[in-house]
Protein chains: 2
Amino acid sequence: MDIKTKGFVSAETVARLAGVSRSAVSRTFTDGASVSEATRKKVLEAAAVLGYHVNHLARGLSHDRSNIIGIIVSEIPTPYQARMLDEMTRQLQAIGKVGMVINTTGDAESVANALRQTLNFRADGVIVLSGTPDASLIASCVANGQRVILINRSDHIEGPANLAVENAETAREAYHLLRRAGCQRLAVVSSTAGTPSLSARDSAFAAAAAEDGLSVPIIRAGATGYAAGAEAARQLYSRSGGPDGVFGVTDLLALGFMDAARHSFGLRVPQDVSIVGFDDIEQAGWESYALTTFRQPVEEMVQLIVQLLTQAGPDEWAHVVPPIKPVPIWRKSVLPRPNAG
Amino acid sequence: MDIKTKGFVSAETVARLAGVSRSAVSRTFTDGASVSEATRKKVLEAAAVLGYHVNHLARGLSHDRSNIIGIIVSEIPTPYQARMLDEMTRQLQAIGKVGMVINTTGDAESVANALRQTLNFRADGVIVLSGTPDASLIASCVANGQRVILINRSDHIEGPANLAVENAETAREAYHLLRRAGCQRLAVVSSTAGTPSLSARDSAFAAAAAEDGLSVPIIRAGATGYAAGAEAARQLYSRSGGPDGVFGVTDLLALGFMDAARHSFGLRVPQDVSIVGFDDIEQAGWESYALTTFRQPVEEMVQLIVQLLTQAGPDEWAHVVPPIKPVPIWRKSVLPRPNAG
DNA sequence: TTGTATGCGTTATCAC
DNA sequence: GTGATAACGCATACAA
């Protein structure tokens, strides 16, 4: 038996129907407030009849928390980003918060607008998954009491927490893994995106090779993704002397490379070329690829993020963030060590 | 030169620094309000110094719109869902709204909570991408003036707009496409998820076959996804007489099927088995698969959704939603018609 | 154009 | 345990 005609119903209306005061209604819906069972029941009933729902906007106004967390991201359809988004929204909800996802193109202006959005909506915190945020705007967020967390952008700005995977170390590991497999002519497939993470990976790989006196080409044949990987293969194999071991700084890159190597050049994986990736997206495990790669522990990363968002204060952040170590996932795209044992 | 110490700065503070009234500040940040250029400038300067950002929570309180759109979704890492999410958040932002994504497990209780969240945050509208929402809660949303849009859930509830692709028609088209390719033993690979869309597709395919006096098995070997498709192949080919033509009600299903058919049973695609999918996710175009499929026009769908969200009133919705027709994308997973010409 | 006053829906503080 | 009342930050009708 709905009474209202339009718009949302307020606590005031509920109070009238239940024959109690606004405060009683408020208390009924506030955790740990003291209401008698009798009034509580009356209120709940009236609320159900009217279809009342607490207005979190108003609540966030008096209270100083909105329970909104801004998530700034780009290229959502990318398996890695989608997985991150999935895990974040899930875990955020588990602690009673809600994610406001802001989709940016990744350029400075776009990210700046995203940051302003989170400010406008008084988000309790901001998680930056991609793009290079303007330092002064970040500072503004921090100054306003927002918890801001930067993921995999190793530009160490003061204030926000920086959560980064061990990119360089893992890239070195990839190098040694390929070398132990007997690969002689190495190459790294990277992208023109040039994000801090990706750069860290490709340059660390090259550096590790340089220590052994090896020079490896870094191919950047387009923005990150499948197509760029495929194009890299075309560039590398269009003349003889192509690589017999490649490191894709991203699984997507590695997968594109693998497909082009196989279908455009008839190469066998891993007999003719060993390939190792980074991320362990779902597709890496598909039978057509069976890509050996390094898994980013997404679930643990997000747990850490949520912890940062809620428990710790900005001052203690430096200490609470442990190193995050991708672990190698062995599948079939890398040659077994020839002289094993 | 920051003055504030903690928390967000309000219009009040800006007004004091600029030497004007609160209203002047408000007007400066309200589109189409009348402020003199002089005060406007003073306000803008003070705001910049203080790092002021309009509080949309408070704004949404007096105004009756929050500019928040709830997006209810599950299985975000799924390429199709991720693509949808990407397009929605992008287009929503383009019209000054922001998406609040609520990640559900898809079960009734979870979706109900999601719906309540959108009510709590006074979302202007709700887009339901997955899950089966409780009819009475939907009614409550509509009653409260929210625009709610159901995507691909053909349970026609009164009130919300229903946006659905032509599932049945397209499934029939898939059937004829396979038949024209010369396939004799057909099968459809579906999932245990049993969403309205998927059911519509598999049963329409079977119905089309029945009209020709053909009986086709519908395999549901797990929840939607790659693994379920692969398992379906194992079930179908573990004994002789496996299909030479299959319809995957989802690309993911089709891809999993293709991989298992090839790698576990040595089948060639399309020589031994023709496969057609549904969705046209990015991976369908990867060289290892080259899946012939039907593309869901995601961008147009979202345009329509946004239009529904903003322009039309609920009363006119029935008329504004045109049929959405997936278009066939020909790649290499279906045998060319044997007796062409 | 500008400032003053009021209302938006809550929660918190205070008396009772 | 309950009800009045004052914030919270903003937009706006109104008066100047």
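We use all heavy atoms of the structure for the numbers below, so side chains are in, but hydrogens, waters and symmetry mates are not. Convention: sequence-line order gives letters A, B, ...; per-chain numbering from 1.
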Results of ring-ring contact (aromatic ring centres under 6.0 Å, His included) for A:Tyr80 - residues two or more places apart only: none
side-chain N/O B:Ser36 vs C:dT1 OP1/OP2, d < 4.0 Å: no
Counterpart residues, ring-ring contact (aromatic ring centres under 6.0 Å, His included), relative to A:His56 (two or more places apart): B:Phe121
Minimum side-chain heavy-atom gap A:Asn144-A:Ser140 below 4.5 Å: yes
Nearest-Å distance for atom pair CZ/P, residues B:Arg16 and C:dT4: 14 Å
Distance test, side-chain N/O of B:Ser21 to OP1/OP2 of C:dT4, below 4.0 Å: no
Gap between atoms CG and C1', on B:Asp64 and D:dC10 respectively (whole Å): 14 Å
Intra- and interstrand pairs of DNA chain C - dot-bracket, Watson-Crick/G-U under 3.5 Å, | marks other strand: ||||||||||||||||
Side-chain donor or acceptor of A:Gln93 paired with backbone N/O of B:Asn103 under 3.5 Å: yes
Separation of atom CG in A:Leu57 from atom C1' in D:dA11, rounded to whole Å: 15 Å
Check: B:Ile71 and B:Ile102 side chains under 4.5 Å, non-hydrogen atoms: no
Under 4.0 Å protein heavy-atom contacts per nucleotide of nucleotides 8-16 of chain C, with B for base, S for backbone only and - for none: BBBBB----
Check ion pair B:Asp124-B:Lys97 (N to O, under 4.0 angstrom): yes
For B:Glu12, all residues meeting salt bridge (Lys or Arg N to Asp or Glu O under 4.0 Å), sequence neighbours excluded: B:Arg16, B:Arg22
Qualifying salt bridge (charged side-chain N to carboxylate O under 4.0 Å, His left out) pairs, either residue in residues 47-66 of chain B, two or more places apart: none
